[in-house]
Amino acid sequence: MKEHYYVALDIGSSSVKVVVGEKFHNGVNVIGTGQTFTDGVSKGMINDFDQAKNAITDTIKKAKIASGVDIDEVFVKIPIADTHIHFTEDAIRFGGEATEITGEHIEELLENVRMNDPAGQHETVSVYPVSFVVDSLHEVNDPKEMIAEESLAVKAGVVSANRTLLINIVKCVEAAGLTILDVYSDAVNYQHVLTDAEIELGAVVIDMGLDITQFAYYERGSLKYANSVGIAGRDITLDLVDEFNTSYDEADQAKEQYGHAFFDLASDDEKMMLAQNDSGKPAEVTSKDLADVIELVVEDAFMAVFEDLAKNGINNVQGGFVLTGGSANIRGIKELMQDLVAEKVRVHIPNQMGARKPEFTSAISVLSSGIMFDELLEYVTIDNH
Ligand code: ATP
Ligand code: MG
């Protein structure tokens with residue numbers, strides 16, 4: 001049987017990432033990746049069409065070379081920016097005829113939900129089942145192969161996003177010569193970084209990138225809420241620029257190499273020289289000096305997340321907090337968060353070889369979403385060698 005590959009595209013504010021993978025047991029096997037830094041994207045949105053398009057083309061090329069796979073079809077993620085989630089129900093009826101439920105019934109149901117969703121300035125991105133009800137009686141996660149006589153109903157979540165954001169991402173990806181198989185919101189994608197226990201109890205995934213810190217809350221098995229705040233990696237670097245009178249690039253490098261997010265644990269002995277904007281003489285700075293600035297910014301971002309969660313009735317996060325995204329590379333970020341909350345905290349780094357960086361979490365989760373929906377709708381039979 002033909003190998004079946006999945007390709008995920010994450011157009012981030014800092015870089016475009018592509019991951020080529022395949023289903024492997026219950027997870028994803030990464031075959032190759034590509035990454036290109038770009039100025040064509042800002043706050044998760046395309047702000048220079050040509051630059052963004054070129055970055056996509058370059059990244060696809062890199063991923064092709066790395067994986068040896070020809071890429072023309074991709075799954076695309078869209079960020080949690082101006083994103084809404086609501087819940088609805090729909091059903092199909094069988095009129096008393098015993099019917100074995102297949103992926104096609106599920107697809108029809110989810111398509112009905114999509115069609116019946118009122119169109120506004122928001123566009124439906126993902127419809128995901130919270131649960132199915134067979135003959136108004138049996139509530140199940142996956143009704144395939146069950147027999148229904150009266151009806152199959154679904155309780156579904158609907159994720160919608162800003163129409164302009166979505167249209168421009170789609171247009172840019174197509175201009176790069178690619179066919180989009182499906183688009184998934186990160187709100188749907190991040191469920192794949194949680195364990196069954198976390199997602200049952202109620203957990204928050206926080207992805208801190210360059211321009212945005214996205215977060216999503218899952219409970220009793222599915223997505224309940226998602227939003228983003230505009231404090232992230234760029235703000236950390238900009239505050240270092242201000243505090244240490246140095247250039248953006250110099251501050252960024254210092255942050256990535258010596259940065260620490262938790263003042264109490266940062267070292268006084270780790271020293272670096274930072275070129276000064278207005279004098280010939282570089283200044284000596286310690287990791288602890290950096291931490292003094294970084295801690296405040298990261299704490300601000302976390303506080304903004306907590307405030308938004310509380311405003312939306314999410315006060316009890318028994319399953320804990322999972323930190324990821326490029327800015328989760330920073331040392332001490334877990335300890336800082338743990339200092340702020342009583343719940344369990346962990347950092348998620350993908351464990352696939354070649355993609356062991358938290359900035360690849362979104363792209364890899366897109367692959368998992370692709371596999372999840374394919375299995376639910378019985379789209380492909382995958383050969384696992
Ligand atoms: P966004 O999600 O905001 O649209 P993005 O997805 O492109 O952007 P990421 O690739 O997840 O962003 O992360 C980029 C950020 O991670 C940058 O601000 C970068 O400085 C930061 N970063 C990367 N490595 C480190 C590190 N070792 N220490 C601190 N920050 C880091
Ligand atoms: Mg990102």
Side-chain angles (χ1 to χ4, degrees), residues 8-19 33-48 51-52 55-56 59 76-83 161 165 168-169 172 184-187 189-190 193 205-216 226-241 247-262 266 270 272 287 290-291 293-295 297-298 301 305 322-334 336 347-350 355-366:
L9 173 60
D10 171 7
I11 306 166
S13 309
S14 156
S15 65
V16 174
K17 297 134 189 118
V18 167
V19 176
T33 63
Q35 183 177 15
T36 310
F37 291 87
T38 181
D39 291 326
V41 184
S42 156
K43 302 188 175 73
M45 277 173 258
I46 288 164
N47 71 342
D48 183 315
Q51 279 194 48
I56 293 169
T59 316
V76 178
K77 87 90 177 264
I78 73 152
I80 307 168
D82 197 4
T83 291
L165 165 80
N168 284 311
I169 287 178
C172 198
Y184 302 124
S185 166
D186 268 344
N189 299 328
Y190 292 148
V193 314
V205 177
I206 303 178
D207 176 320
M208 192 182 279
L210 174 69
D211 279 342
I212 49 177
T213 294
Q214 314 182 68
F215 53 99
N227 204 352
S228 59
V229 297
I231 309 171
R234 190 193 300 279
D235 301 283
I236 302 176
T237 306
L238 286 174
D239 278 16
L240 293 173
V241 165
S247 70
Y248 187 92
D249 286 349
E250 189 99 348
D252 217 32
Q253 207 185 338
K255 174 185 81 173
E256 293 188 7
Q257 242 179 308
Y258 302 101
H260 208 293
F262 196 50
E270 257 181 70
M272 79 222 71
S287 248
L290 296 179
V293 174
I294 296 169
E295 183 177 278
V297 186
V298 179
V305 172
V322 178
L323 309 175
T324 197
S327 293
N329 277 301
I330 201 155
R331 291 178 295 172
I333 196 163
K334 174 174 180 269
L336 173 63
V347 170
H348 176 80
I349 300 174
R356 288 186 182 137
K357 296 173 179 174
E359 52 268 44
F360 275 107
T361 295
S362 169
I364 291 177
S365 321
V366 170

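Counting convention: from 1, in listed order, for ligands and their atoms alike.
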Between ligand 1 and S327, can you find any atom pair, the residue atom being a heavy atom, that is separated by under 4.0 Å? yes
To the nearest 0.5 Å, what is the distance between CD (Q214) and CG (N189)? 9.5 Å
Check: M272 and L290 side chains under 4.5 Å, non-hydrogen atoms: yes
shortest atom 17 (C) of ligand 1-to-protein heavy-atom contact is with L210 CD1, 3.9 Å
For atom 23 (C) of ligand 1, the closest protein heavy atom turns out to be G326 O, 3.5 Å
Return a yes/no value for T237: is any of its N or O atoms, backbone included, closer than 3.5 angstrom to an N or O of ligand 1? no
Among protein heavy atoms, which sits nearest to atom 2 (O) of ligand 1, and what does the distance come to when rounded to 0.1 Å? G209 CA, 3.8 Å
If you measure every N/O of S15 against every N/O of ligand 1, is any gap under 3.5 Å? yes
What residue and atom, counting heavy atoms only, is the protein's closest point to atom 10 (O) of ligand 1, and at what distance? K17 NZ, 2.9 Å
Hey, is K43 close enough to D211 for a salt bridge, meaning N to O under 4.0 Å? no
Rounded to the nearest 0.5 Å, how far does CD of E270 lie from CZ of R331? 4.0 Å
Which residue owns the protein heavy atom closest to atom 7 (O) of ligand 1, what's the atom, and how far is it? S14 N, 2.8 Å
Any N or O on Q35 sitting closer than 3.5 Å to an N or O of ligand 1? no
Any nitrogen or oxygen of G233 lying under 3.5 Å from a nitrogen or oxygen in ligand 1? Just yes or no. no
First locate atom CG of N329, then atom CD of E256, and finally report the distance between them rounded to the nearest 0.5 Å. 7.5 Å
Distance in Å, K77 NZ paired with I364 CD1, rounded so as to fall on 0.5 Å steps: 12.5 Å
By the definition side-chain contact (heavy atoms from CB on, under 4.5 Å), identify the one residue from V322, I349, V193, D10 that meets it with T361. V193
Report yes if M208 has an N/O atom closer than 3.5 Å to an N/O atom of ligand 1; otherwise report no. no
I'd like to know whether CD of Q51 has more than 12 heavy-atom contacts from other residues, nucleotides or ligands below 6.0 angstrom. yes
State, with a plain yes or no, whether a side-chain heavy atom of I56 is found less than 4.5 Å away from one of I11. yes
Is there a polar contact between ligand 1 and K255, counting only N or O atoms under 3.5 Å apart? yes
Would you mind reporting whether I333 and V347 have side-chain heavy atoms less than 4.5 Å apart? yes
Quick check on contacts: which atoms of ligand 1 are under 4.0 angstrom from a heavy atom of D252? 20 (O)
Counting non-hydrogen protein atoms only, what is the nearest one to atom 24 (N) of ligand 1? Give residue, atom name and distance. N329 ND2, 3.3 Å
When rounded to the nearest 0.5 Å, the distance separating CD1 of I80 from CG of D207 is 8.0 Å
Atoms of ligand 1 under 4.0 Å from any heavy atom of I330, numbered from 1 in the order shown, are 28 (N), 29 (C)
So is I212 polar-close to ligand 1, meaning N/O to N/O under 3.5 Å? yes
Note the single closest protein heavy atom to atom 28 (N) of ligand 1, along with its residue, its atom name and the distance in Å. E256 CA, 3.6 Å
Can you find an N or O of S13 that's nearer than 3.5 Å to an N or O of ligand 1? yes
